[in-house]
Amino acid sequence: TVWDFAIPHERTIQTAYGLSWNAVLDFHGGPDGTWDEDGLAALRNYDEELHRHRVDQTDPAQRVPTPFHFDSNGELLPIDWSAYDAVMGPRIDGSYYQDGVGIAGFNAGFFDPGTSSGLQTSLTDAQYTAAARAFAQHLKEKGWFDAAYIYTKDEPWMDNDAYPRIVADVALMKAGDPDWAGHFLSTSYFDSRLEGSIDLWVPNTTVYDEFFVGWIGIKFPGRAVYDQRRALGEKLWFYVCNCTFPPYAGYDIDTT
């Protein structure tokens, strides 16, 4: 039986692939460590190939410098969004890609709640909140807000001090605009220390349910826990980087 259906070009499932622009630059860039035409073409080819397989890169604006600057009184200066919009606009509306289809989701950029560098350390709490408010407003004006997420400190379970930092930074962003609620991602299994702060849980496949019991004897949150979180409106993704622990699908599945 041949069914009469068509697969739409539009992306309806969000995906995230960690494409390092610095790695591309190191391999393909000019001799002085800057982007030459060949390096830029290589980056576009990587991006296009991911897109052809319906995979969106996590940080499309990773090399855009921060647009947030403050005067001597600590007040936020007028923001020039041109560099950010030049990178994000074509990717979101699809004009950057051969098929004309835009990405389904993206790490908004600039903010990394819980990290010990970047805006978290260069701004006061009031400035951080003001920047978060301005960023939310811009994303809303462009119609991009719903597709954006905020990538918090990567793998916080490797740094216990990251948990209170994540909670504090998320609270500051929500103080800037309450609509940030629902947009915070953590590459962590569910942890009660982050309850109420994280909306999108992305555990490594080895720290889901009983997958890792045979290796270290620990059972992690599984389906029952995430069913409860999803009932609250939160989401569950998975990532497989370095999950080379048989018999589960891992990092080696796409490199062998």
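Positions are given from 1, in the same order as the sequence printed here. What you see is a predicted model, and the numbers here were worked out from it, not measured in a lab.
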Any luck finding a side-chain donor-acceptor pair between Asp154 and Thr187 under 3.5 Å? yes
Any ion pair linking Arg91 and Asp47 (charged N to carboxylate O, less than 4.0 Å)? yes
Answer whether the closest heavy-atom distance between the side chains of Phe68 and Phe70 falls below 4.5 Å. yes
Do side-chain atoms of Thr129 reach the backbone of Ala175 as a donor and acceptor pair under 3.5 angstrom? no
Taking Ser188 for its side chain and Glu155 for its backbone only, find out whether a donor-acceptor pair lies under 3.5 Å. no
Report yes or no: does Tyr163 contribute a side-chain atom to a donor-acceptor pair with the main-chain N or O of Trp157 at less than 3.5 Å? yes
Output for pair (Leu200 CG, Thr152 OG1), nearest 0.5 Å, gives 9.5 Å
Parallel, tilted or perpendicular for Phe190 and Trp201, by the 30°/60° rule? perpendicular
Grouping I, L, V, M, F, W and Y whenever their side-chain heavy atoms are under 4.5 Å apart, do Tyr151 and Leu236 come out in a common cluster? yes
Are Arg44 and Tyr96 in a cation-pi contact, defined as NZ or CZ under 6.0 Å from the six-membered ring centre and within 45° of the axis? yes
Could you walk me through whether Ser20 and Asn22 satisfy the side-chain hydrogen bond (donor to acceptor under 3.5 Å, both in side chains) test, starting with their C-alpha distance in whole Å, then the side-chain angles of each, then the deciding distance to 0.1 Å, before giving a yes or no? CA-CA 5 Å; Ser20 169; Asn22 285 332; 5.0 Å; no
pair Pro156-Ser186: side-chain heavy atoms closer than 4.5 Å: yes
Do Gln57 and Trp21 pair up side chain to side chain, a donor and an acceptor below 3.5 Å, judged on atom types alone? yes
For the residue pair Tyr149 and Asn107, establish whether any side-chain heavy-atom pair is separated by less than 4.5 Å. yes
Under 3.5 Å, side chain of Asp71 to main-chain N/O of Gly74, donor-acceptor pair present? yes
In Asp85, Asp59, Val87, the residue satisfying side-chain contact (heavy atoms from CB on, under 4.5 Å) with Val64 is Val87
Determine whether the side chains of Tyr17 and His53 contain a donor N or O and an acceptor N or O closer than 3.5 Å. no
Passes side-chain contact (heavy atoms from CB on, under 4.5 Å), Lys235 versus Arg230? Steps please. CA-CA 6 Å; Lys235 296 179 181 180; Arg230 293 172 68 191; over 6 Å; no
Please name all residues satisfying ring-ring contact (aromatic ring centres under 6.0 Å, His included) with Tyr84, sequence neighbours left out, ordered by chain then number. Phe110, Phe135
In terms of hydrophobic clustering (I, L, V, M, F, W, Y; side-chain heavy atoms under 4.5 Å; direct or indirect links), are Met158 and Ile166 co-clustered? yes
Test of understanding: with side chain to side chain contact (heavy atoms under 4.5 Å, CB included), list the residues that count as partners of Val167, not counting sequence neighbours. Leu194, Ser197
Looking at Thr124, is its backbone amide N or carbonyl O close enough to the side chain of Gln127 to form a donor-acceptor pair, meaning the two atoms are under 3.5 Å apart? yes
Find out whether Pro221 and Tyr226 are in side-chain contact, i.e. whether some heavy atom of one side chain is under 4.5 Å from a heavy atom of the other. yes
Would you mind reporting whether His183 and Phe145 have side-chain heavy atoms less than 4.5 Å apart? yes
With a 4.5 Å cut-off on side-chain heavy atoms, are Tyr128 and Pro113 touching? yes
Any donor-acceptor N/O pair, Tyr239 side chain to Ala16 backbone, under 3.5 Å: no
Main chain of Ala104, side chain of Gln14: is a donor-acceptor contact present, judged purely on distance under 3.5 Å? yes
Within the side chain of His51, is there an N or O that forms a donor-acceptor pair under 3.5 Å with the backbone of Val101? yes
If hydrophobic clusters are built from ILVMFWY residues whose side chains come within less than 4.5 Å, do Ile218 and Tyr189 share one? yes
Check this for me: does any side-chain nitrogen of one of Lys153 and Asp169 sit under 4.0 Å from a carboxylate oxygen of the other? no
Does Asp38 have any side-chain hydrogen bond (donor to acceptor under 3.5 Å, both in side chains) partners at least two apart in sequence or in another chain, and if so, which? none
Test: Lys140 and Asp177 ion pair at under 4.0 Å: yes
